Amino acid sequence: MLTTKPSEHVQRPSAPYPDEESIRQELQRILDNTAFKATPRRKKLLSYLVEETLAGRGRELKGYTIATLVFGRDDSFDPQTDPVVRLEARRLRHDLDGYYVSAGRGNPLRISIPKGQSAPSIERVEELLDSPPAAAADAPAPAAGRVFRPGWLVPAALVAIALLFAASVYVFFRPAAVATDGGLPENGASLVVLPFETGGDHPANALLVGGMATEIMTGLNRFGNVRLYMPSANAKSPPVTDPVEIGTALGLSYVVNGTVELNDGDKSLRVNARLIDVRLRRILWLGSYDREYTASSLRSVQLEIANAIAAALGQPYGMIRSADTGRIPDPETTAMSSYECVLQAYAYRRTLALAPHVPVLACLQEAVRRDPTYVDAWAMLAWLYMDEGRFGWFTQGTQETAYRRALATARHALALDGNNISALKALSSTLHYMGDYTESQRMQRKALALNPNDPDTLAQLGWRLAVRGGFEEGIPLLRQAIDRSVNPPGWYFHLIAIDQYLRGQMQEMLATAQRAAMDDSGISWSLVAIAQGALDHPEEAHAALVRMAEKAPLLARDPVAGYRVHQAADRIVDALVSGLRKAGWREVGTRGNPV
């Protein structure tokens, strides 16, 4: 018999148990949907668990049997030394959570893998609807003589789900593991988006509040770097309204909540959102969004705002990753978890400096050994292998072997999850540095199609187009990435500054280059030097050249090679080297060389 996770709360009478045909139909819906991001072997695991449970063998499911029949382990399998079943079950649990907050949120059944169990839990969504929430009865009626009929209203069943979600989102969650030492949980950040509150009496607000939370979670799910939690259908809501108390009780890292208010007078929609650190009881981020709308555009405006909030929180250099990075204990005194290694890798990629490259590379190598199915760790490892090639940091072999190691690592990540955006970006970058520009751009466009709201994906595509001379398409993408970023890295600005230089916009170039130089990289300081030289500021140009030499000796010694290593078009390289000469740069050994 199929099992459901017990709850400490009062239970509602269950609806009739789902029949086998309905369960198999739900299983097939999951497996066929591209929003279910499980790897082929996790899909095989899900099918096996469901079929075994339907056959009445759910209580007999054992890790040894799963390892041998599903994952191909031999008779010598030892769960103490090979955690494949535990790791893959955990990832399958997250895959299902992600599916049901996006494409599967309207499905008639819900399949989950309760923590600590092998047998799946299968629930009817109708159980969510067995009693209407009080909020629905209390909703204000439309003004006399005026009926609100927006064309985007969802079917009645989904509206009821959204309203119940608004009334009872904090009912019963699968608990998240919380670090007790002030650091991060092993599996990374966990988050719930609570229903937004109504900031006015407009009749559509009751629909918007639940819909906004759902759309934000859908947007966050595309980034894939945070575990999202949804309520179970098998418990009633406790009378708790404090978001910090809700997050604390459920063991979550963060809570997102906010308000929604429609104004008929000026046809405006205002949404306020905030990110709360549960452990610190502190608001980390506040966002306010004001948009004009019409009856026909309200749905698109809501989606635009929800995606903007999700991007601010979930992007690679967004609020959640930044907050998590700040919570990492001193890596020199503390062994880091796999998730912390990935966070450190993103921090390294802001500066691309040699000093952090060495420990981060070692950390990621240990992470994939410890957790061989952690796709993001494999993807970031590919980046660091590629950097060994492009910056000449390899200690054995050649640049070509470093690139090939990066290529094999990125492809291994995609073999684990063909739609992993981090892995697609790593593959795209490696192909670019190996000179396969067409395939590189194809991979990057595939990543962008999976998540059009990721500014880092936008920036990488824009950068690769522009550095090959495609400024017309590349610069707008880079500007979009900057506009959507909370704290963009310096390299987002490099090609914009170069484009301004080629157009003769020297003051604009200087401002852009100085913003880029906040990352303190050699490339950024070279652009500052070029701009200062073009503006006839010799002292400022000299200071920037000295800083460039400290950060990037290759650029100081051979700027042609330093720029060309990034596969820059000849026109760009020639113009930049000419600009450095005007700024005061001279070849090594030339009298008066400032560097």
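All figures in this text were calculated on a predicted structure; none of them were measured in a lab.
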task = For residues 500-577, pull every pair meeting disulfide (SG to SG under 2.5 Å), keeping only residues two or more places apart or in separate chains.
result = none
ask   = Quick one: CG on Leu580 to CG on Leu545, what's the gap to the nearest 0.5 Å?
value = 6.5 Å
ask   = Taking NZ, NE, NH1 and NH2 as the nitrogens, is one of them in Glu388 or Arg405 under 4.0 Å from a carboxylate oxygen of the other?
value = yes
ask   = Is there a side-chain contact between Thr457 and Leu461, using heavy atoms and a 4.5 Å cut-off?
value = no
ask   = Quick check: are there more than 12 heavy atoms from other residues, nucleotides or ligands sitting under 6.0 Å from CD of Glu292?
value = no
task = May I ask you to check whether Ser422 and Tyr346 show a side-chain donor-acceptor distance below 3.5 Å?
result = yes
query = Should Trp491 and Ser521 count as side-chain neighbours, where that means a heavy-atom distance under 4.5 Å?
reply = no
query = Which pairs count as disulfide (SG to SG under 2.5 Å) when at least one residue sits in residues 345-420, sequence neighbours excluded?
reply = Cys341-Cys363
inquiry  = For a quick test of reading the model, state the closest non-hydrogen atom pair linking Ala323 to Tyr254 and the distance between them.
reply    = CB-OH, 3.4 Å
request  = Locate the shortest heavy-atom distance separating Pro476 from Phe471; write the atom from each residue and the value.
outcome  = CD-O, 3.8 Å
ask   = With a 4.5 Å heavy-atom cut-off, do Leu262 and Leu298 have their side chains touching?
value = yes
inquiry  = side-chain contact (heavy atoms from CB on, under 4.5 Å) for Tyr374 and Val368? Distances and angles first, verdict last.
reply    = CA-CA 7 Å; Tyr374 190 8; Val368 299; 5.9 Å; no
request  = May I ask you to test the Leu478-Leu495 pair for a side-chain heavy-atom distance under 4.5 Å?
outcome  = yes
request  = Quick one: pull up CE in Met217 and CG in Leu228 and give me the separation to the nearest 0.5 Å.
outcome  = 7.0 Å
task = State, to 0.1 Å, how close Pro243 and Ile276 come at their nearest heavy-atom pair, and which atoms those are.
result = CG-CD1, 3.9 Å
Any donor-acceptor N/O pair, Ser429 side chain to Lys425 backbone, under 3.5 Å = no
query = With sequence neighbours left out, what residues match Val278 under side-chain contact (heavy atoms from CB on, under 4.5 Å)?
reply = Thr248, Val255
task = Indicate yes or no: at least one non-hydrogen side-chain atom of Asp290 is less than 4.5 angstrom from one of Ser268.
result = no
request  = Could you tell me which residues satisfy side-chain contact (heavy atoms from CB on, under 4.5 Å) with His566, sequence neighbours excluded, listed by chain and number?
outcome  = Arg390, Phe391, Tyr433, Trp463, Ile523
query = Ser578 side chain to Asp574 main-chain N or O, any donor-acceptor pair under 3.5 Å?
reply = no
key: Within 45° cone and under 6.0 Å: Arg464 NZ/CZ vs Tyr437 ring   = no
request  = Give, for atom CG of Leu343 and atom CD1 of Ile320, the distance between the pair rounded to the nearest 0.5 Å.
outcome  = 11.0 Å
key: Shortest non-hydrogen separation from Ile572 to Gly469 and the atoms involved   = CD1-N, 4.3 Å
inquiry  = Within the 4.5 Å heavy-atom criterion, are Phe493 and Ile482 side-chain neighbours or not?
reply    = yes
message = Looking at Asp387 and Arg349, is any side-chain nitrogen of the basic one under 4.0 Å from a carboxylate oxygen of the acidic one?
response = no
task = Determine, for Asp520 against Lys551, whether the closest basic-nitrogen to carboxylate-oxygen distance falls under 4.0 angstrom.
result = yes
Reported CG-to-NZ distance for the pair Asp95 and Lys37, which is rounded to 0.5 angstrom = 9.5 Å
query = Ignoring hydrogens and geometry, is there a side-chain-to-backbone donor-acceptor pair from Asn307 to Leu303 under 3.5 Å?
reply = yes
request  = Indicate yes or no for a side-chain donor-acceptor contact from Ser524 to the backbone of Ala516 under 3.5 Å, with no hydrogens or angles considered.
outcome  = yes
Nearest non-hydrogen partners of Glu215 and Ala306, listed with the distance = CB-CB, 3.5 Å
request  = Inspect the contact between Asp536 and Lys582 and indicate whether a charged nitrogen and a carboxylate oxygen are less than 4.0 angstrom apart.
outcome  = no
key: Heavy-atom side-chain proximity of Gln315 to Arg321 below 4.5 angstrom   = no
Donor-acceptor under 3.5 Å (His357 side chain, Leu384 main chain) = yes
message = If I compare all heavy atoms of Ala544 with all of Val528, which pair ends up nearest, and what's the gap?
response = CB-CG1, 3.9 Å
request  = Can you measure from CH2 (Trp378) to CG (Asn420) and round to the nearest 0.5 angstrom?
outcome  = 13.5 Å
Side-chain (Gln480) to main-chain (Pro455) donor-acceptor, under 3.5 angstrom = no
key: With Thr294 via side-chain contact (heavy atoms from CB on, under 4.5 Å) - residues at least two apart   = Ser296, Ser297
query = Could you give the distance from CD (Glu508) to CE (Met506), rounded to the nearest 0.5 Å?
reply = 10.0 Å
ask   = Restricting to pairs with a member in residues 467-496, which pass salt bridge (charged side-chain N to carboxylate O under 4.0 Å, His left out), not counting sequence neighbours?
value = Arg445-Glu473
message = Strictly below 4.0 Å, N to O, side chains only: are Arg91 and Asp371 in salt-bridge contact?
response = yes
request  = Spell out, as yes or no, whether a donor-acceptor pair under 3.5 Å connects the side chain of Ser440 to the backbone of Ser428.
outcome  = yes
query = Are the charged groups of Arg282 and Asp277 less than 4.0 angstrom apart, N to O?
reply = no
query = Can you find a heavy atom in the side chain of Leu576 that is under 4.5 Å from one in the side chain of Leu527?
reply = yes
ask   = Above 12 or not: heavy atoms from other molecules or residues under 6.0 Å from CZ of Arg291?
value = yes
Main-chain N/O of Ser190 paired to Ser253 side chain as donor or acceptor, under 3.5 Å = yes
key: Whether Glu261 side chain and Arg270 backbone form a donor-acceptor pair below 3.5 Å   = no
